[in-house]
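Structure record follows, encoded as structure tokens.
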Amino acid sequence: MKRIALIALALLTSACTTPVLTSDEMKRITASVDAEDGAVLFANVAIWLPGSSDYRFKAVEPKVPGVAVVTSKALLFQQWGGNRGMTNLKRIPIPEIERAVLLPFGRSLRVAIHQRGGAVDSFASSDGGGELSLEPGTREMHRILTEVKGQLPPPSAN
């Protein structure tokens with residue numbers, strides 16, 4: 001009985017651990033970021049939920065696995081591959097973000113990004129399999145986004 005409890009504990013804790021990007025992976029990510037997007041401040045294995053600002057029935061909620069990258073000027077969502085080692089699937093300039101909201105649901109946590117013009121997308125640090133959204137990495141992503149957003153001047157009205 002004790003052995004089963006130890007195995008269950010090991011499985012539970014390993015399933016909740018955020019994958020760590022290696023230094024080689026970080027080099028690929030950094031090399032893929034355009035100079036206009038500034039310095040990489042955060043990168044983590046993540047999921048992107050296009051058009052989502054809430055939790056939906058799992059079967060109808062699209063999830064895209066990849067890497068969330070916060071730079072000094074943009075939020076990027078990338079996947080492995082492409083000419084520079086990573087391909088940008090989504091780019092949201094920081095001045096276009098109206099607000100970044102933490103969305104808790106049970107043990108999951110997401111950051112909903114509300115953009116000027118009404119577009120919304122959610123992002124969460126992930127277990128690497130694209131299924132679990134993990135709280136520590138998601139909170140850190142939100143913290144850095146909020147910090148960077150506060151340091152940039154508001155966009156000019158055209």
Side-chain angles (χ1 to χ4, degrees), residues 14-56 58-105 107-155:
S14 67
C16 296
T17 303
T18 303
V20 175
L21 295 169
T22 66
S23 61
D24 285 344
E25 290 169 334
M26 284 303 298
K27 285 178 188 172
R28 285 174 63 185
I29 291 165
T30 301
S32 73
V33 173
D34 292 330
E36 69 184 36
D37 287 326
V40 173
L41 305 174
F42 172 89
N44 209 345
V45 174
I47 54 175
W48 167 34
L49 300 110
S52 176
S53 65
D54 58 3
Y55 287 85
R56 303 180 207 157
K58 185 177 181 175
V60 298
E61 184 170 48
K63 290 182 194 168
V64 182
V67 177
V69 180
V70 179
T71 72
S72 55
K73 298 182 182 175
L75 168 63
L76 309 171
F77 190 81
Q78 303 180 323
Q79 283 188 327
W80 302 106
N83 294 340
R84 298 190 313 182
M86 301 295 287
T87 300
N88 280 338
L89 298 182
K90 182 75 175 179
R91 179 183 181 275
I92 305 172
I94 299 293
E96 292 299 313
I97 298 173
E98 282 188 346
R99 65 187 190 280
V101 180
L102 283 173
L103 299 173
F105 182 77
R107 296 183 69 165
S108 293
L109 188 66
R110 298 177 184 172
V111 178
I113 305 296
H114 296 265
Q115 300 169 57
R116 298 186 192 293
V120 65
D121 291 285
S122 292
F123 301 88
S125 288
S126 172
D127 63 348
E131 290 300 317
L132 293 176
S133 56
L134 302 175
E135 184 177 345
T138 304
R139 281 195 189 282
E140 182 68 4
M141 181 186 344
H142 179 260
R143 184 189 70 75
I144 292 170
L145 274 170
T146 304
E147 226 173 68
V148 171
K149 179 76 178 137
Q151 293 174 5
L152 291 177

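Bear in mind the structure is a predicted one, so any value in this text is a computation, not a measurement.
- Closest non-hydrogen pair, H142 versus A100, comes out as NE2-O, 3.0 Å.
- The side chain to side chain contact (heavy atoms under 4.5 Å, CB included) check on R91 picks up E36, D37, A74, L76, P93, with sequence neighbours excluded.
- The salt bridge (Lys or Arg N to Asp or Glu O under 4.0 Å) contacts involving residues 39-51 comprise nothing, where partners must be two or more places apart or lie in separate chains.
- Legend: residues meeting side chain to side chain contact (heavy atoms under 4.5 Å, CB included) with T22, ordered by chain and number and at least two apart, are D24, E25.
- Taken to the nearest 0.5 Å, the CD atom of E96 stands 12.5 Å off from the CG atom of L75.
- Minimum heavy-atom separation, K149 to P95: NZ-O, 3.7 Å.
- What you find for K73 and G38 is that their closest heavy atoms are CD-N, 4.4 Å.
- In this structure, N44 and M141 have side chains that are not in contact, with every pair of non-hydrogen atoms separated by 4.5 Å or more.
- R110 is listed as a side-chain neighbour of S52, based on a closest heavy-atom distance under 4.5 Å.
- Judged purely by atom type and a 3.5 angstrom limit, H114 has no side-chain atom pairing as donor or acceptor with the backbone of I97.
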Report task. Give the intermediate values and the outcome of side-chain contact (heavy atoms from CB on, under 4.5 Å) for residues V67 and W80. Result -> CA-CA 8 Å; V67 177; W80 302 106; 3.9 Å; yes

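- With values rounded to the nearest 0.5 angstrom, F77 atom CZ is found 10.5 Å from D121 atom CG.
- Atom CD1 of I92 is separated from atom CZ of R116 by 12.5 Å, given to the nearest 0.5 angstrom.
- Residues meeting the side chain to side chain donor-acceptor pair (under 3.5 Å) test with Q79, sequence neighbours left out: none.
- Results of the side chain to side chain contact (heavy atoms under 4.5 Å, CB included) test with S122 over V111, L103, V101 single out L103 as the only residue that passes.
- Without hydrogens or angle criteria, T71 side chain to V40 main chain gives no donor-acceptor distance under 3.5 Å.
- T138 and F123 get closest at one heavy-atom pair: CG2-O, 4.2 Å.
- Among residues two or more places apart in sequence or in another chain, the side chain to side chain contact (heavy atoms under 4.5 Å, CB included) test is passed with L41 by S72, I144, V148.
- The structure places CD of E98 at 11.5 Å from CD1 of I113, a figure rounded to the nearest 0.5 Å.
- If you take CG on L49 and CD1 on I47, they are separated by 4.5 Å, rounding to the nearest 0.5 Å.
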Report task. Could you give me the CA-CA distance, side-chain angles and deciding distance for W48 and K63, then say whether side-chain contact (heavy atoms from CB on, under 4.5 Å) is met? Result -> CA-CA 6 Å; W48 167 34; K63 290 182 194 168; over 6 Å; no

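- In this structure, R139 CZ and R143 CZ are separated by 12.5 Å, a value rounded to the nearest 0.5 Å.
- Every side chain to side chain donor-acceptor pair (under 3.5 Å) that N88 has, sequence neighbours left out, goes to Q78.
- Judged by distance alone, the side chain of S32 and the main-chain N or O of I29 form a donor-acceptor pair under 3.5 Å.
- F42 and S125 get closest at one heavy-atom pair: CZ-OG, 4.1 Å.
- For the pair S126 (side chain) and A46 (backbone), a donor-acceptor distance under 3.5 Å is absent.
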